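Small disclaimer: the values here were computed from a predicted structure and weren't measured.
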Amino acid sequence: MFALPNTMSDCCKHDHNNAPDEGHDHPHDHEGLGNHAKEAAVAIPKGANEETFRVSGLDCSEEVAAIERVMKPVPGVLGVRANIVASTVTIYHDGNVNSADLVKAVNSSGVKVETGSAAEGGKGQILSRTALLVMTSGIFTGIGILIQWIGFKTGWQPNIPFAIAILSGGSLVFPKALRSLRTFSLDMNVLMTVAVLGAVAIGEHAEGAAVVFLFSLSELLESWSVGRARRAIQALMQLAPENALVRRDGNIQEVPAKEVAIGETVLVKSGQKVPLDGTVLLGASAIDQAPITGESMPVEKNVGDTVYAGTINGEGSLEIQTTKAAGDTTLSRIIKLVEESQEQKAPTQRFVDVFAKYYTPAVMILALLVGIVPPLLFAAPWMDWIYRALVLLVIACPCALVISTPVSVVAGLTAMARRGVLIKGGAYLEALGGLRALAVDKTGTITEGKPRVLDVLPFADATSEEILRIAAAIDTHSTHPLAQAVVRHAKESNVAFDFAENYQAKTGRGAEATIAGHAYFVGNHRFAHELGVCSDKLEAQLAEIEAEAKSVVIVGHRPHADCAGEVLGILTVGDAIRPNAVEAIKKIHAAGIRKIVMLSGDNTRTANAIAKQAGIDEAQGDLLPEHKIEQVKKLAAEFGKVGMIGDGVNDAPALAAADVGIAMGAAGTDTAIETADVALMRDDLMMVSEAIQLGRRTLGIIRFNIIFALGIKAVFLVLALLGHTSLWLAVLADTGATLLVVANALRLLRTPQS
């Protein structure tokens, strides 16, 4: 059960050319993006009208199949998509279909279309009614067995409570069976109905009552398990507040968040949730972004910073200019992707669906042969072999088998979404579990993506503070990334500096200026040579620094008049690796990744140095986008399944070529969320090992569930043929197996929060 008919259509890749990685910040190029889909989507005609209904009673693949069957002959209907987790049915039509007719058709399948606030109440009422009928069936089955036990083993007395039990529990099964027969289809409701009627026909009323009760109980418990997964998704939906405080005409008004337009000013008080995505206009505060990024610590937000709907404001008060409508916020997109991810079936789920498709009718044919061949050919007792045939019909019910995969996938996807990791479907969750090699981008993934001062090395008698003060005073005139890194480091180090005078930039070399009447310079190795201040000692120190793939900024007195000039110190500048990169790489290896290769457009020497620092197995430098694709394919040929980590945009071709494309820091980038198969909502490599470990854990649980379900079926198939089991015991085993696989799968929801 829990199978969905379609695959999602928007898991695409952006394919475009990008510039080689220069080891510093690079803008995201959103232009000229093509599409690359890893899986074909169900074709819906372009321009088709779309109507979505929230329904109750949609808990397993049988309901999905029933909806598809009743909608297929409706004139004007072009396609249908039922989402069990979202509890919705989306119908695509040509525009000539009345909504009331669509509702009537959906209701005829056995589920019920709900509207407005009635949706939640309707689900509760249906669950209560189902529970009441199951309870009635169980009580009267027990009464009938008790009457038999006290001495009425035969006669009409125990048959009355058994009949009540069959009718009450059967009211949940028989109508569904009738609807299936009307459309010439065979499902588990038909199998159970035939088994119950057969048991009654041969005088086994107790068996018939037990079958009805246990099967209806399993259906109730399955609804509960699906409901739990559904509530986990709904918890995400409740993160964003329904109302917002908006400044309009000089007054603060409370209005529904869905009515707030882009560009309006929203007030968020201390402790309130942010209603919409936006930019801080006024105020400062610490924001708890855990609902979006999974971060455990609040993040400071100041004027100009981005905030997300569903995050929680700290002590300060903020005024925010909205940048997205309620239906297009980052949180809304996360919820939509988590819901739609259920529609993309994992490989094991597709296998189980195909297996169940042939398994059920095969066992039914076997049951028919068992019921008639021995009595006809070997004069065996009719009642004995008909009873064995009925047991086989019960064994044909594939509940535990079919539900084993999707509940595991739903639990895994939801658990990771709560941690800030979006995985776009069971196929990618399983693929994560099967990864053996990983390709990673350098800039912005292993490194921070911007140059920074790493060391201040005095060369003469100058202090580190004096060297940094001189360099910052000159570089504050420049917009060059290295110069800005020097200025930023001075400010972070609380080193005060003035603007230098008579500033002159020396293209390709550095700059010079006057500070307090003295001539100073900042520049590269070449500039020091040209100024005549280079020495053997300086050459040796520069060689050591450059061997580590760091850039150098030489600071000194410029030769002039009666001053020979001298080097005061050296600043080393580089794109530093992320603080937790080394630990993250270790954990990724520990998660089962046999080889990690760093791919970079930067020079090979720099790439090798960064890879060595981070503990990466191999580095490839001087790569264009097409070269990165070749490296990913080479890894795939050697190790099988390979993943690629990048920023979701600049590395799009390589992300597309990998079995799993993982985008870093997708919270602020809509394109990254759309591009990758897995989107990490914050820039944290540690999340990669967590996702891989969860994928492996999910795969293990799925495999155990399938083997366990098939094992139970095999055992009872043999027992049934040998006549060593009964109807009620077969149903009990199937119900028990279903409960066990569901409970095993739901353990994934308890993935600890970071």
Side-chain angles (χ1 to χ4, degrees), residues 1-3 57 59-66 69 109-110 130-131 133-138 140-141 144 162-202 204-223 356-357 359-368 370-371 386-403 709 712-713 716-717 720 725-739:
M1 298 183 188
F2 213 78
D59 297 315
C60 76
S61 59
E62 297 299 331
E63 280 93 25
V64 172
R69 286 196 299 268
S109 69
T130 302
L133 289 170
V134 172
M135 190 184 305
T136 301
S137 180
F140 279 93
T141 298
F162 287 145
I164 296 173
I166 290 172
L167 290 174
S168 56
S171 64
L172 302 173
V173 181
F174 301 156
K176 294 180 181 178
L178 184 59
R179 281 192 293 268
S180 296
L181 290 174
R182 284 175 178 169
T183 54
F184 303 101
S185 61
L186 181 68
D187 63 16
M188 59 191 69
N189 295 295
V190 175
L191 298 181
M192 288 299 139
T193 300
V194 173
V196 171
L197 295 179
V200 172
I202 64 175
E204 296 289 348
H205 298 83
E207 297 274 9
V211 168
V212 166
F213 165 61
L214 291 171
F215 182 69
S216 58
L217 176 63
S218 71
E219 294 283 285
L220 176 64
L221 292 172
E222 184 182 327
S223 297
K357 179 181 178 182
Y359 163 79
T360 303
V363 175
M364 193 160 189
I365 293 171
L366 177 62
L368 181 63
V370 166
I386 289 176
Y387 183 82
R388 295 185 191 187
L390 295 176
V391 174
L392 281 176
L393 285 181
V394 173
I395 294 171
C397 177
C399 294
L401 178 64
V402 178
I403 203 172
I712 290 291
K713 294 293 179 188
F716 275 83
L717 185 66
T725 187
S726 60
L727 278 172
W728 69 268
L729 191 58
V731 176
L732 183 61
D734 186 71
T735 302
T738 301
L739 290 179

[X]: what forms a side chain to side chain contact (heavy atoms under 4.5 Å, CB included) with it, not counting sequence neighbours?
{"X": "A165", "answer": "S137, F140, T141, A209"}
{"X": "R388", "answer": "V370, W385"}
{"X": "S216", "answer": "V134, L172"}

Looking at every non-hydrogen atom in both residues, tell me the closest pair between [X] and [Y] and how far apart they are.
{"X": "L393", "Y": "A367", "answer": "CD2-CB, 4.0 Å"}
{"X": "L133", "Y": "S171", "answer": "CD1-OG, 3.4 Å"}
{"X": "V212", "Y": "F174", "answer": "CG2-CZ, 4.4 Å"}

[X] side, atom [atom1]; [Y] side, atom [atom2] - distance, nearest 0.5 Å:
{"X": "E207", "Y": "L727", "atom1": "CD", "atom2": "CG", "value": "5.0 Å"}
{"X": "L392", "Y": "L368", "atom1": "CG", "atom2": "CG", "value": "11.0 Å"}
{"X": "M135", "Y": "L217", "atom1": "CE", "atom2": "CG", "value": "10.5 Å"}

Taking the side chain as every heavy atom from C-beta outward, state whether [X] and [Y] have any atom pair closer than 4.5 Å.
{"X": "T193", "Y": "L181", "result": "no"}
{"X": "V173", "Y": "V196", "result": "no"}
{"X": "V391", "Y": "F716", "result": "no"}

> Counting distance only, does the side-chain N/O of Y387 pair as donor-acceptor with the main-chain N or O of S726 below 3.5 Å?
Replying inline: no
>> The test is side chain to side chain contact (heavy atoms under 4.5 Å, CB included); show your working for V211 and L390 and say whether it passes.
In response: CA-CA 11 Å; V211 168; L390 295 176; over 6 Å; no
